[in-house]
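Bear in mind that the values here come from a model prediction, so they are computed numbers and not experimental data. Below, chain A is the first sequence line, B the second, and so on; all start at residue 1.
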Amino acid sequence: MSEHDYAWKPDACAIAGIGTTAYTKSSGASVTALAAEAALAAIEDAGLEPADIDGFVRSDYDEASPAALADTLGIDDIAYWGQTGAGGAAPCAMVGQAAAAILSGQARHVVVYRALNGRSGRRLGQGVPAAAAVGGGSGYLELFSPWGMTSPGQFFAMLARRHMEEFGLTDRTLAEIAMVCRRRANANPAAMMHGRTMSLDDYLESRMIASPLRMFDFCLETDGAAAVVVTSSPRARDLKQRPALIRSVAQSTGSSRLGPGQMYPVLMGQSLTDLASRRAADRLYERAGLSPADVDVAQLYDCFTITVFLQLADYGFCSQEDAVAFVESGALDVGGALPINTAGGQLSESYIHGMNHIVEAVRQVRGTSTSQVPGAEVSLVTSAPPPGTSAMILVAS
Amino acid sequence: MAQTCQSCGNVQQPPRPRCIACHGTDLTWRDAPATGTVHSWTVVEHQINPHFPAPYTVLLVDVAVPGATHPVRYLGHVPGRTEPAVGDAVRLVFEDLAEGVTIPNWVLDD
Ligand SMILES: [Zn+2]
């Protein structure tokens, strides 16, 4: 085989349909019921019938199995199913996996979904269960839990402190990220924070959770689901919506020095400010034949405000040294150099573990966002860093 | 203690099943110095785990272990709120958590 045979195939597949449930604090529905509602909405949006779907891809954290979802949708036989992770690192990679299944002839119309009762059911922000056994797993919890390092917020607080030390990050910078996302949610009737504005004082007065991170640095907890339909681009052009072409997808674990296994060992790595997102970005742009300057709008994974901040330099929008000035220039706002999280993000729309970001990235290239970037043609979306991450560039057709 | 490869001298943290430099399995433990510096820290104000009453401070500590290519990282736990600066000196103490359970801990040097 030649190198050409291993080349990424830009624009060969597309997202043809999008769907979500309502975003609530208590769905009163099972995770499978939520997945089915979002999947049906995406299938209908594409102009397809459930019987057309022959593949499913989910996150490894999802409680709704492909088999249960297919059964709920009355689909007789599924030809392909798969999953990737971990958790919020998955959504862009899930779309990549669907594209791989389609391009290798294993499926024709793949539903990619994430469903969770993230508030009323399993609350991911609670971190390591108090009764968890430590030792022996790839997560190396035994090196962290005994000292009280037990939740994602505490982990990201350690990263934020390093960005303060190395690059002059302040709480004002994090506040700007939180307020930008809130303004986009205020324009989005589907957002959980649609009706609640946030001022700088509101941000500064929100209680400290794990310093330097306050409550408004944290994402929401949501019951809900989001789904998309992936198919080949020629097929997508025959369907109901303007296709969102998948220009490129990339995954990265970063260097082995970042630590193996789960999230916490990243704290043992050489640098807390050199993460997998940088390598994912390089791979993503190379496959796309595009540069950061080509990006019109971005949905940046935002489990915390600091997560957005650290990706700005990694995805090439500014240097690490200039990242604070970049944010404080208003770059992330509508009309700025890089409008982000235009539905409100996970900080203010909903926490669907990054799947809501993919839905919004599609809306931007369709021209249907509630905070539409005029003429948006190149739409970046990222999934959770670290330790592994994934990202995708969609382009208008 | 820091995991060290007898074959090539690589020091690695966290410990792994094999040496990540030479893939060897002849791994042993080397004593780490009992002093280090603060690499990062957080004061946990919101209690999640009942074993750890808030507020408390978690220290992420750099220790220069001979032979290591970069500082080896450990965690420290300090009850209550402290406001260290990155680079502040820390020292190793051993704390008995329960009968037969002792953990190494890093606390601020005073
Ligand atoms: Zn070795």
Top of A:Ile209, A:Leu213, A:Leu159 for chain B proximity - count of heavy-atom pairs under 4.5 angstrom
A:Ile209
Under 4.5 Å to a heavy atom of chain A? For B:Leu97 that would be neither
Would you verify whether the NZ or CZ of A:Arg122 falls within 45 degrees of the ring axis of A:Tyr61 while also being under 6.0 Å from that six-membered ring's centre?
yes
Based on non-hydrogen pairs under 4.5 Å, which of B:Leu75, B:Val86, B:Val44 is most in contact with chain A?
B:Leu75
Part of B:Asn105 within contact of chain A (heavy atom distance under 4.5 Å):
both
Can A:Thr150 and B:Asn49 be said to form a side chain to side chain donor-acceptor pair (under 3.5 Å), step by step?
CA-CA 8 Å; A:Thr150 63; B:Asn49 188 318; 4.7 Å; no
Is the ring pair B:His77/B:Phe52 parallel, tilted or perpendicular, if the boundaries are 30 and 60 degrees?
tilted
Chain A contact via B:Pro53 - which portion, at a heavy-atom distance below 4.5 Å
neither
For A:Gln154, which atoms come within 4.5 Å of any heavy atom of chain B: side chain, backbone, both, or neither?
both
What part of B:Ile103 lies closer than 4.5 angstrom to a heavy atom of chain A: side chain, backbone, both or neither?
side chain
Parallel, tilted or perpendicular: ring planes of A:His353 versus A:Tyr301, cut at 30 and 60 degrees
tilted
Would you please say whether a donor-acceptor pair under 3.5 Å links the side chains of A:Thr273 and A:Ser271?
yes
Test A:Ser319 against A:Asp322 for side chain to side chain donor-acceptor pair (under 3.5 Å), laying out the working first.
CA-CA 5 Å; A:Ser319 68; A:Asp322 294 337; 3.1 Å; yes
Chain A shares the most heavy-atom pairs under 4.5 Å, among B:Gln47, B:Glu45, B:Arg73, B:Arg81, with B:Arg73
